[in-house]
**Q** 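Encoded as structure tokens, here's the structure I'll be asking about.
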Amino acid sequence: MSRVQLALNVDDLDAAVEFYSKLFDTPPAKLRAGYANFAVAVPPLKLVLFEQPGKGGTINHLGVEVDTTEEVGAAQARLAREGLATATEESVACCYARQDKVWVDGPSGEPWEIYTVLEDVEMPGGQLRTVDPDTGATCCAVVEGDTVTAGSSSCC
């Protein structure tokens, strides 16, 4: 099943979790320090919350969750045929999961990802991703097997 992902920055994660649990009548599927995600059945939605005090109410990024790596590859090929620049990440640790994904920016610079979750993983020190969404720079996380470790500095 494919579903749209909406990733929001929120000022207060606890208040946001309480609100969105009531709004969508579902508890979070994953809850970690500074992070929550909801797998909403109706409407089909992956809602992701990033605690970012002072940036609440802004979009972190948008996405489409798909079932397989093959669907991610097909999306990348289709977007490239349409003349859109893409960035592909394979087996990347992000948001407490190992994922394959392709990124594309909307006309106003809003980041979109098409991704599939390969498995859940824990992230070091609350680090949520291995790529800085503002700069596109690779962070210093290393993925080895089921373990994600931070390098000398963490940019995300």
Side-chain angles (χ1 to χ4, degrees), residues 1-10 13 16-17 20 24 26 28-52 55-144 146-151 154-156:
M1 165 191 72
S2 294
R3 59 182 161 199
V4 171
Q5 174 187 285
L6 172 61
L8 298 175
N9 295 316
V10 299
L13 185 66
V17 165
Y20 287 109
F24 292 114
T26 190
K30 192 178 290 185
L31 184 60
R32 303 288 191 277
Y35 174 87
N37 81 40
F38 294 79
V40 180
V42 178
L45 171 69
K46 176 63 83 73
L47 175 65
V48 182
L49 306 176
F50 295 97
E51 191 166 43
Q52 301 279 331
K55 294 184 180 179
T58 61
I59 291 177
N60 185 282
H61 66 278
L62 303 155
V64 178
E65 182 180 21
V66 297
D67 290 326
T68 67
T69 295
E70 292 75 21
E71 290 174 277
V72 173
Q76 189 283 327
R78 180 181 58 77
L79 295 168
R81 280 193 309 273
E82 293 291 335
L84 298 174
T86 62
T88 303
E89 294 178 304
E90 296 177 354
S91 193
V92 65
C94 174
C95 303
Y96 300 96
R98 184 184 323 276
Q99 303 173 359
D100 286 342
K101 60 179 69 185
V102 60
W103 288 95
V104 63
D105 288 339
S108 297
E110 64 277 10
W112 278 88
E113 66 175 333
I114 299 172
Y115 71 100
T116 189
V117 173
L118 304 172
E119 66 180 332
D120 285 341
V121 297
E122 289 303 316
M123 303 294 289
Q127 182 177 341
L128 298 177
R129 59 180 69 88
T130 59
V131 174
D132 184 330
D134 293 330
T135 66
T138 301
C139 301
C140 299
V142 177
V143 181
E144 293 178 5
D146 293 340
T147 305
V148 180
T149 56
S154 175
C155 64
C156 302

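Bear in mind the structure is a predicted one, so any value in this text is a computation, not a measurement. All residue numbers in this chain count up from 1 along the given sequence.
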**Q** Could I get the full list of side chain to side chain contact (heavy atoms under 4.5 Å, CB included) partners for Ala97, not counting sequence neighbours?
**A**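 With sequence neighbours excluded, Ala97 shows a side chain to side chain contact (heavy atoms under 4.5 Å, CB included) to Lys30, Gln99, Val117, Asp120, given in chain and number order.
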**Q** With sequence neighbours excluded, tell me which residues meet salt bridge (Lys or Arg N to Asp or Glu O under 4.0 Å) with Glu71.
**A** none
**Q** Test of understanding: with salt bridge (Lys or Arg N to Asp or Glu O under 4.0 Å), list the residues that count as partners of Arg32, not counting sequence neighbours.
**A**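 For Arg32 the salt bridge (Lys or Arg N to Asp or Glu O under 4.0 Å) partners, ignoring immediate neighbours, are Glu122.
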**Q** Applying side-chain hydrogen bond (donor to acceptor under 3.5 Å, both in side chains), can you list everything that pairs with Thr69, at least two apart in sequence or on another chain?
**A** Asp100
**Q** One pair to check against side chain to side chain contact (heavy atoms under 4.5 Å, CB included): Val66 and Thr68. What are the steps and the verdict?
**A** CA-CA 6 Å; Val66 297; Thr68 67; 5.7 Å; no
**Q** Of the non-hydrogen atoms in Val102 and Val72, which two are nearest, and what is the gap between them?
**A**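 In this case the closest contact between Val102 and Val72 is N-CG1, 3.8 Å.
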**Q** Could you give the side-chain donor-acceptor pairs of residues 73-87 under 3.5 Å, partners two or more places apart or in another chain?
**A**
{"residue": "Gln76", "atom": "NE2", "partner": "Thr86", "partner atom": "OG1", "Å": "3.0"}

**Q** Could you list all the salt bridge (Lys or Arg N to Asp or Glu O under 4.0 Å) pairs where at least one residue sits in residues 108-118, not counting sequence neighbours?
**A** Lys101-Glu113
**Q** In chain order, what residues pass the side chain to side chain contact (heavy atoms under 4.5 Å, CB included) check against Val48, with sequence neighbours excluded?
**A**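 If we apply the side chain to side chain contact (heavy atoms under 4.5 Å, CB included) test to Val48, skipping adjacent residues, the hits are Gln5, Ala7, Tyr35, Asn37, Lys46, Phe50.
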**Q** Which residues pass the side-chain hydrogen bond (donor to acceptor under 3.5 Å, both in side chains) test with Ser2, not counting sequence neighbours?
**A** none
**Q** Between Ala36 and Leu31, which heavy-atom pair has the shortest distance, and what is it?
**A** CB-CD1, 3.6 Å
**Q** Minimum heavy-atom separation for Leu118 to Ser91, with atom names?
**A** CD1-CA, 4.2 Å
